Amino acid sequence: KAGVTQTPRYLIKTRGQQVTLSCSPISGHRSVSWYQQTPGQGLQFLFEYFSETQRNKGNFPGRFSGRQFSNSRSEMNVSTLELGDSALYLCASNIVAGVTEQYFGPGTRLTVT
Amino acid sequence: DAKTTQPPSMDCAEGRAANLPCNHSTISGNEYVYWYRQIHSQGPQYIIHGLKNNETNEMASLIITEDRKSSTLILPHATLRDTAVYYCIVRAYNSGGSNYKLTFGKGTLLTVNP
């Protein structure tokens, strides 16, 4: 079974631009979560989607948004990029059940210049 | 979710057992203990989880104290490839199909030395 895939793996953008990152969960997994990882703040939860609905949201500004499609694939978008948005963006998926582990993708390394 | 406390770093000799402690003194009855690790620049990897009984899988063993206020992850024969940041996370059982958020702390950087 293929793992969680994220595209692109690396991205360089300029301040003020917007960016869209994509995540394909493991087949059969219906929940997708996004995390941001920076050296200063560590791993921080962005949001979680299940059945095309955002179920949980972390403490990030409205410039960060996401969506989930009917095939469980998910995208996250960051508008008006700032230098501080440079980070590793990780996507994780899991089967929807009581006690489950999350499976993480390799991440997208975003650099904002 | 309950807060966890882990030492910031530990060293271990290759081939020896690595014992990584985690304190979760405010854990509640429906919260499980999960362990993940993150090898440099990769996504976190699930290792093991448990509620109150000790657990073992092909990667590691998890020992949870009787009062559940602390736990230890044991890598029985550490290799150089086990060098990573290890995260201990506590999270409630979920029956509603939502809220799979994981709250990561700083974790423990385990360095396995040759």
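Below, chains carry the letters A, B, ... as their sequence lines are ordered, and counting in each starts from 1. These numbers come from a predicted model, not from an experiment.
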With side-chain contact (heavy atoms from CB on, under 4.5 Å) as the criterion, how do A:Gln36 and A:Phe64 come out once you've worked through the C-alpha distance, each side chain's angles and the decisive distance to 0.1 Å?
CA-CA 11 Å; A:Gln36 180 197 65; A:Phe64 292 81; 4.2 Å; yes

Walk me through whether A:Tyr35 and A:Phe104 qualify under side-chain contact (heavy atoms from CB on, under 4.5 Å).
CA-CA 10 Å; A:Tyr35 296 81; A:Phe104 284 79; 3.7 Å; yes

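One hydrophobic cluster holds both B:Tyr87 and B:Tyr32 under the rule that ILVMFWY side chains link at heavy-atom gaps under 4.5 Å.
Looking at A:Leu43, the atoms closer than 4.5 Å to chain B (heavy atoms on both sides) sit in the backbone and in the side chain alike. Heavy-atom distances place no part of A:Gln44 under 4.5 Å from chain B, backbone and side chain included. With a 4.5 Å cut-off on non-hydrogen atoms, A:Arg109 touches chain B through its side chain but not through its backbone.
Taking 4.0 Å as the cut-off between side-chain N and carboxylate O, A:Glu48 and A:Arg55 do not count as a salt-bridged pair.
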